[in-house]
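Note that the coordinates shown come from a computational prediction; the quantities given were computed from them, not determined experimentally. A note on names: the letters A, B, ... follow the listed sequences, proteins ahead of strands, and every chain is numbered from 1.
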Number of protein chains: 2
Amino acid sequence: MPDVILDNKVFYNPVDFALKKIGGTWKMPVLWRLRIKTMRYSEIQEHIKHISQKMLTQTLKQLEADGFIDKKIFAEVPPRTEYSLTEKGRKAIEVIDYLRNYGLNLMLEAGINYQEMVEQEKRKKI
Amino acid sequence: MPDVILDNKVFYNPVDFALKKIGGTWKMPVLWRLRIKTMRYSEIQEHIKHISQKMLTQTLKQLEADGFIDKKIFAEVPPRTEYSLTEKGRKAIEVIDYLRNYGLNLMLEAGINYQEMVEQEKRKKI
DNA sequence: TCCGCTACGAACTTTTTGGTGTGTAAACTG
DNA sequence: CAGTTTACACACCAAAAAGTTCGTAGCGGA
């Protein structure tokens, strides 16, 4: 299997390539929120707990550069930007959904009922 | 979305969980070779160029601990061990195959014909 | 006029991941 | 009886990824 070099990065295989694009800790979580609706920066930040500003900014920038999301800047004060999925981004959602289901199965095998945990979180807030 | 802690590790979401199990640079390449047949340590090493002994050993150990592969040790000298997929490992192959196809599509969009490159590599060796 | 608001940028530190280089058991070979 | 072979372990090192802290533009409101 040959190595592929693009943008000064080495890719060992197609999976590696895919995960350099949508992998890492934050890209999928961000894409996943945007699957429902367009969101502004601060809105995404509220939805994804733990994410730091730096990571969110970096993630959004890369996803935009790679064509997964669109960015709309409103020339207002205080500033406002809105992010939405592109067609490419919507395709990525299918992959994330697939991986998510696999992950849920693995978690069940390990005795973790994730979806039940999500339900409990919701009830706490009410 | 709640955090899950297992084996002293924090998982933010199901995808994260799945990729902690079969992600990283080498786990999928190793599983992918084993999809065809049982292989011994040195055989895997020859198939996956670039992989170091440490990484191969570590990868195999984790995959075994997580139940993706079986290890058979032959009490011989020099030592011989054989690795094969478990049922869980075979399920992972489906996921890898899915991700692989997605990666191939992304590469095509980026103007890289990976499969053609693989063909060329083969011809070189003949 | 001073403050707050939003969406960042830059510098720095920590954590995680991967790589290198060396050592070892133990039987067989010449 | 020294050399070879295989599948590792261990100690150390480099690079990549992520996290923390601080700073900033510029308008509207008190």
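- The listed nucleotides are dA7(C), dT6(D), dC27(D); the one nearest the side chain of Pro79(B) is dT6(D).
- Nearest-nucleotide positions on DNA chain D for Lys71(B) and Thr25(A) put Lys71(B) closer to the 5' end.
- Judged by a 6.0 Å distance limit and a 45° cone about the ring axis, Lys71(A) is not positioned over the six-membered ring of Tyr83(A).
- Tyr83(B) comes within 4.0 angstrom of the backbone, heavy atoms only, and of no base.
- Below 30°, between 30° and 60°, or above 60°: for Tyr98(B) and Tyr98(A) the angle between ring planes is below 30°, a parallel geometry.
- Between Gln53(B) atom CD and dG18(C) atom P the separation is 17 Å, expressed in whole Å.
- Heavy atoms of Lys61(B) sit under 4.0 angstrom from primed sugar atoms or phosphate atoms, though from no base atom.
- One interatomic measurement links the two molecules: CD of Glu43(B) to C1' of dA7(D), which rounds to 14 Å at whole-angstrom precision.
- Both cation-pi conditions hold for Lys21(A) and Phe17(A): the charged atom is under 6.0 angstrom from the six-membered ring centre and inside a 45 degree cone around its axis.
- Following rounding to the nearest Å, Arg40(A) (CZ) and dC8(C) (P) show an atom-to-atom distance of 10 Å.
- Atom OH of Tyr41(B) is separated from atom P of dT5(D) by 16 Å (rounded to the nearest Å).
- Between Ile51(B) and Arg80(A), the residue anchored closer to the 5' end of DNA chain C is Arg80(A), taking for each the nucleotide with the nearest heavy atom.
- In the set dA7(C), dG19(C), dT6(C), dT6(C) carries the atom at the smallest distance from any side-chain atom of Pro78(A).
- Separating the NZ atom of Lys54(B) from the P atom of dG18(C) is a distance of 9 Å, rounded to the nearest angstrom.
- A single hydrophobic cluster is seen to contain both Leu104(A) and Val118(A), as judged by linkage of ILVMFWY side chains at heavy-atom distances under 4.5 Å, directly or through other members.
- OP1 and OP2 of dA18(D) both lie 4.0 Å or more from every side-chain N or O belonging to Ser52(A).
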_Glu43(B) vs Arg40(B), salt bridge (Lys or Arg N to Asp or Glu O under 4.0 Å): CA-CA, chis, key distance, verdict_ = CA-CA 5 Å; Glu43(B) 215 179 342; Arg40(B) 55 187 299 193; 5.9 Å; no
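- Atom P of nucleotide dA7(C) and atom CE of Met55(A) are separated by 18 Å, given to the nearest angstrom.
- The interatomic distance linking Gln58(B) (CD) with dT17(C) (C1') rounds to 8 Å, in whole Å.
- Close to dT6(D), at under 4.0 Å from its OP1 or OP2, lies no side-chain N or O of Thr81(B).
- Each of Gly23(A) and Leu60(B) has a nearest nucleotide on DNA chain D; the 5'-most of these lies closest to Leu60(B).
- Leu56(A) places its CG atom 18 Å from the P atom of dA17(D), with the value rounded to the nearest Å.
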